[in-house]
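First comes the structure, then the notes that go with it.
For clarity, every value in this text was computed on a predicted model and none was experimentally measured.
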Amino acid sequence: MTANHAAEREANAKEASLSPPPLKKRKVESTTTKRAVSSFFTPASKKEPERITWRIINESLLFASHQPDTADTRNRPRSKRPKIAAFDLDSTLIKTSSGNVFAKDATDWRWWHFSIPSVLKDLHADGYAIVILTNQGSISLRNDPKTIKSDQRSLANFKTKVASVFSHFDFPILLLAATARDCYRKPRIGAWKELLDDLDLDEGNGPVLQSSFFVGDAGGRAARTNAKADHACSDRDFASNVGITFHTPEEYFLHEEPVPFTRSFEPRTILNCSSSTSTHATPVIIGRRNRLDIVLMCGSPGSGKSTFYWTKLKPLGYERINQDTLKTRDKCVKVASGMLAESKSVAIDNTNADEESRAVWVQLAHKFAVPIRCVHFPAPAKLCQHNDTVRALSTGTFNPEKRSILPHSAFTGFASRFTEPQVREGFQDVIKVEFQFQGDEEQRRVWSQYWVFYL
């Protein structure tokens, strides 16, 4: 043995004495497939096209198109399918494997019923376009610097889960996921319009509506044997808005009989009440009782205050004071004071929920030695929320001031602070104005749809 070999052996022995003992060998299963490795080293020009294409519409609607490259679909032009089989995703096509309400990760899912893959395959063979329409509020498609990492993680998990679901099918499927509180969120029909556009079908097409259907778990059902009450009625409301047949998963996949359901708000009932009196013949219920005065409005957002001002008070010469435009109450008081100093009557178009907030305006009336009248709009919270949503999300003449949809807290906050106005607070009189719809037939059709995801 040479001196060099001896030195090398001694160095190796020393190094071994400093290293941890070797771990017991175990088989490690790689999640990287041979196909993925092959694809990585394949030139882009020779790669197979992706089975799923993703696109984002208006930063809120996620659109996925699953187009498998099979012998059946290869080189075949896309055919127009005039009937649609649409499904909700969670608690309709799939449920969590863990039993949790919300999935732990992208792998935490299984079929809602074992028959679902074969049912969808049969529908495709029968000429239906297979579509998934789902609300996914936990995903954000807006690049917010504060939440971008968590948003990207949630989006990646959702895409992975969808890809896993789609991998069970060798025929085309479309998925539209609404991620914001906008026109795409069920029961609103913005996603349906995007779907028809993608399928090159006309909205309101007879065969589409007559043959199509939607299956979802949010059907407004009460608690029943071995089942909790539905969390909402939004899926049933969505189908009603579109004009297609609705089924619950139990009805469609298990062939169970329909069970009773309820809606927490029915806009058509309000319209029926309104139609009993001609909206065009409604008399002006408030006139100029004083040469100079203040009219204070009191009511929830969406109760009809602004409409009342524009249709009833402005023609009488009242100047509008509104905190949404002036931003602060102090600014409102300052502008109102200037108007009164110029002998201009003012209408205070704010919520004025409690006696304390109304007292500010009673004191201003005393300061200028003018009467103050109160107009109370007692519309219930669900009606107000419906009005606000229609105003913010529909097109046409409902939203001339281009207001955004209000958060749910705007309505609950008003309700928690509200005290009914009384003459004793210093008002000359208090007049109640019940909500009554006013609009043409097209506006009536739009307003009568279901717009709010009521919990």
Side-chain angles (χ1 to χ4, degrees), residues 52-66 84-97 100-103 105-113 116-117 119-120 123 128-141 151 154-169 172-196 198-199 212-220 230-242 244 246-249 252-253 450-455:
I52 304 176
T53 56
W54 299 88
R55 59 189 175 99
I56 296 173
I57 300 173
N58 295 329
E59 295 187 308
S60 70
L61 182 66
L62 185 63
F63 200 122
S65 176
H66 173 65
I84 298 170
F87 300 86
D88 187 23
L89 179 63
D90 300 304
S91 300
T92 298
L93 293 181
I94 64 173
K95 58 185 176 182
T96 62
S97 298
N100 296 335
V101 176
F102 302 105
D105 52 40
T107 65
D108 185 15
W109 74 272
R110 60 192 175 103
W111 296 115
W112 186 86
H113 188 259
I116 286 175
V119 170
L120 268 57
L123 285 168
Y128 282 89
I130 309 301
V131 178
I132 299 173
L133 294 158
T134 174
N135 290 345
Q136 295 291 330
S138 62
I139 301 173
S140 176
L141 302 177
D151 291 344
S154 298
L155 178 58
N157 285 339
F158 180 72
K159 285 186 172 182
T160 300
K161 180 167 67 173
V162 170
S164 179
V165 172
F166 281 178
S167 69
H168 292 261
F169 304 106
I173 301 180
L174 299 177
L175 176 141
L176 295 86
T179 66
R181 296 172 65 246
D182 57 14
C183 64
Y184 299 121
R185 180 184 175 93
K186 294 177 298 183
R188 302 149 203 164
I189 62 174
W192 178 263
K193 292 180 178 179
E194 293 290 344
L195 169 66
L196 295 185
D198 184 82
L199 295 175
S212 300
F213 62 88
F214 181 70
V215 180
D217 66 301
D230 290 348
H231 64 284
C233 196
S234 53
D235 287 336
R236 190 185 299 273
D237 291 348
F238 168 79
S240 178
N241 285 345
V242 171
I244 57 179
F246 173 77
H247 307 282
T248 65
Y252 192 76
F253 296 116
Y450 304 101
W451 286 85
V452 184
F453 187 101
Y454 289 115
L455 300 178

Where do [X] and [Y] come nearest, in terms of heavy atoms and distance?
X	Y	answer
A106	N157	CB-O, 3.4 Å
F214	F87	CE1-C, 3.6 Å
S91	P249	O-CG, 3.7 Å
P187	S234	CB-O, 3.5 Å
F213	I244	C-CD1, 3.9 Å
L62	I56	CD1-CG1, 4.0 Å

Q | Name of the residue among N135, D235, N241, D237 meeting side-chain hydrogen bond (donor to acceptor under 3.5 Å, both in side chains) with K186 | A |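 Of the listed residues N135, D235, N241, D237, the side-chain hydrogen bond (donor to acceptor under 3.5 Å, both in side chains) partner of K186 is D235.
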
Measure from the side-chain N and O atoms of [X] to the backbone N and O of [Y], and report whether any donor-acceptor pair falls under 3.5 Å.
X	Y	answer
R185	A180	no
R188	C183	no
S164	T160	no
T179	Q136	no
D105	T107	yes
D108	S97	yes
T248	D217	no

Check whether any side-chain heavy atom of [X] sits under 4.5 Å from a side-chain heavy atom of [Y], and report yes or no.
X	Y	value
W54	V162	yes
L89	I94	yes
I84	L196	yes

Say you draw a straight line from [atom1] of [X] to [atom2] of [Y]; how long is it, rounded to the nearest 0.5 Å?
X	Y	atom1	atom2	answer
F102	T96	CZ	OG1	10.5 Å
L133	L174	CG	CG	9.0 Å
L93	I132	CG	CD1	5.0 Å
N58	E194	CG	CD	7.0 Å

Do the rings of [X] and [Y] sit parallel, tilted or perpendicular, given the 30° and 60° boundaries?
X	Y	value
F169	W111	perpendicular
F166	H66	tilted
H231	F453	tilted

Q) Taking the six-membered ring for Trp, are the ring centroids of F63 and Y184 within less than 6.0 Å of each other? A)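 Aromatic pair excluded; centres sit 6.0 Å or further apart.
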
**Q.** side-chain contact (heavy atoms from CB on, under 4.5 Å) between H168 and I173, worked out
**A.** CA-CA 11 Å; H168 292 261; I173 301 180; over 6 Å; no

